[in-house]
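Only heavy atoms go into these numbers, but all of them, side chains included; no hydrogens, no water, no symmetry mates. On a predicted model such as this, the values are computed, not experimentally measured, just so you know.
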Amino acid sequence: MAGAGTAAADGTARSQGGATATIGGLKTYGAAVVHADSGDQEISAGLFEMSVDGGGTLQTYCVDIHNPTQRDAKYHETSWSGTSLGANKDAGKIRWILQNSYPQVNDLAALAGKAGVKGGLTEQDAAAGTQVAIWRYSDGVDVDAVDPQAEKLAEYLEQNARAVAEPQASLTLDPPAVSGHPGERLGPVTVHTNAGSVTVTPPADAATSGVRIVDKDGKAVTSAADGGQVFFEVPEKAADGQAELIVQASTTVPVGRAFAAESRSQTQILAGSSESTVSATASATWAGTGAIPALSAAENCDKGGVDITAANEGDAPFTFELLGIEYSIPAGESRTVTIPLQEDQAYDFTIQGPGGFEQRFTGVLDCMTQATEADQVGTVTQTVSEPSPATVGTTSDDTNLAATGGSTMTPLIAGIAIGLVLIGGAGLVLVRKKEARTQG
């Protein structure tokens, strides 16, 4: 068994590109009451604010009421399939609510008129009512806004919501990994973005390695648009190796994009975005002979695990053992293997191949929002920058929760190590580190 080497390329399985941000707590909120058999709990309900790496600000609502928000947690833009929204038949209605309420609709008088709210809405009312309506669809909880105006808005949004399709990512590269032989153009890697254009940054050692980023005609590429294709052009005499390109843009992230945390912190959904920095990476692996793997990973809540896609553009099979099962990917083929995980389980996989190839994927599987009645006892909301609201039921002394939804449950993160198998000069190592995390 082996851990991650220092040369390993790191990444989160859920991060296929887009915005990366740090949560800063609730900014605009009111009060709500969650009704459960164990009693009523008063919690804060409203908009979070996130600071985007590289510049920009995001506003989000929670879609994971029973889990706590960890202070300064790092979040990545992700597809619905990597969160509880993927299996939620009402996810499209949540996006409708986001598009038709605050802050997308910032004319509060007009919003109050549509919702039939007498006396108008404050920003706090609008945020609380919107969050309550979202929770009814995202978590299936019995929850009401404390303020009558906010509750009236929540009822209007819930009753009028219609299914809307999942939004496209702000920026992704497909596929995120390619492979081949020296002297070839490896790819194509296709850009998908809502930005007008993206900046393409070549590998850091391009000057010495000779690897270029080009289009299909071999012309050097420094920018690309949606649907554009780029290639890694590897010199014919290049030694076996790896390279990575980065694309970056400034754009607004589409409303309804999910944001999942690297740590165990409640899932968020985007309500508003300033002009923000988004980025994505793609890697290339090349070798003269043997197996040449290209690896990528994505969390799959429908299958309850992490999908690892392994492509082999070499001239020999890429063979490895995974969870006691041996797989062999013939030359020129690709296969996806699902690593089953428990809910809330942390994972840390280092995948090794021939010629010093290494790639690492880390994260926490977070696919469910429902908690048992026992888990909900002691739930209390606290915030980073605002006073803690009063609670109707029992209280908690956890001062590390950022905002809505806390739990006394402490997930037990299993530790699993998967052995190294060396066959035909190619192997794969998966190490799942044990991670303990205290909540509520």
State, without any angle test, whether [X] and [Y] hold a side-chain donor-acceptor pair at a distance under 3.5 Å.
{"X": "S81", "Y": "S79", "answer": "yes"}
{"X": "T309", "Y": "T336", "answer": "yes"}
{"X": "T338", "Y": "D307", "answer": "yes"}
{"X": "N194", "Y": "T251", "answer": "yes"}
{"X": "D205", "Y": "T208", "answer": "no"}
{"X": "H192", "Y": "Q168", "answer": "no"}
{"X": "S138", "Y": "D64", "answer": "no"}
{"X": "S279", "Y": "Q248", "answer": "no"}

Let me check something: any side-chain donor-acceptor pairs from residues 101-113 under 3.5 Å, sequence neighbours excluded? List them with distances.
{"residue": "S101", "atom": "OG", "partner": "T130", "partner atom": "OG1", "Å": "2.6"}
{"residue": "Q104", "atom": "NE2", "partner": "A271", "partner atom": "O", "Å": "2.8"}
{"residue": "D107", "atom": "OD1", "partner": "A109", "partner atom": "N", "Å": "3.3"}
{"residue": "D107", "atom": "OD1", "partner": "A110", "partner atom": "N", "Å": "3.1"}

Mark yes when over 12 heavy atoms from residues, nucleotides or ligands other than E166 sit less than 6.0 Å from its CD; otherwise mark no.
yes
Salt bridge (charged side-chain N to carboxylate O under 4.0 Å, His left out) filter on D53, not counting sequence neighbours, yields K74
Atom of L171, atom of A280 and distance for their closest heavy-atom approach:
CD2-N, 3.8 Å
Closest non-hydrogen atoms of S44 and W135, given as atom of the first, atom of the second and distance, are O-CH2, 3.6 Å
Would you call [X] and [Y] a side-chain contact if the rule is heavy atoms closer than 4.5 Å?
{"X": "D344", "Y": "L365", "answer": "no"}
{"X": "S276", "Y": "T57", "answer": "no"}
{"X": "Y137", "Y": "I97", "answer": "yes"}

Can you name the side chain to side chain contact (heavy atoms under 4.5 Å, CB included) partners of S283, sequence neighbours left out?
A177, Q359
Does the side chain to side chain donor-acceptor pair (under 3.5 Å) test come out yes or no for S179 and N312, once each step is laid out?
CA-CA 7 Å; S179 61; N312 177 17; 5.9 Å; no
Please test R185 against K216 for side chain to side chain contact (heavy atoms under 4.5 Å, CB included), starting from the C-alpha separation and ending with a verdict.
CA-CA 8 Å; R185 290 177 190 148; K216 61 183 179 65; 5.8 Å; no
Going through the distances and angles, do S170 and E77 end up as a side chain to side chain donor-acceptor pair (under 3.5 Å)?
CA-CA 8 Å; S170 62; E77 180 184 344; 2.6 Å; yes
Kindly indicate, with the supporting measurements, whether the criterion salt bridge (Lys or Arg N to Asp or Glu O under 4.0 Å) is fulfilled by K27 and E49.
CA-CA 6 Å; K27 295 301 179 183; E49 187 172 283; 5.1 Å; no
Exam field: side chain [X] to backbone [Y], donor-acceptor pair closer than 3.5 Å:
{"X": "Q266", "Y": "N67", "result": "yes"}
{"X": "T172", "Y": "A169", "result": "no"}
{"X": "T193", "Y": "A195", "result": "yes"}

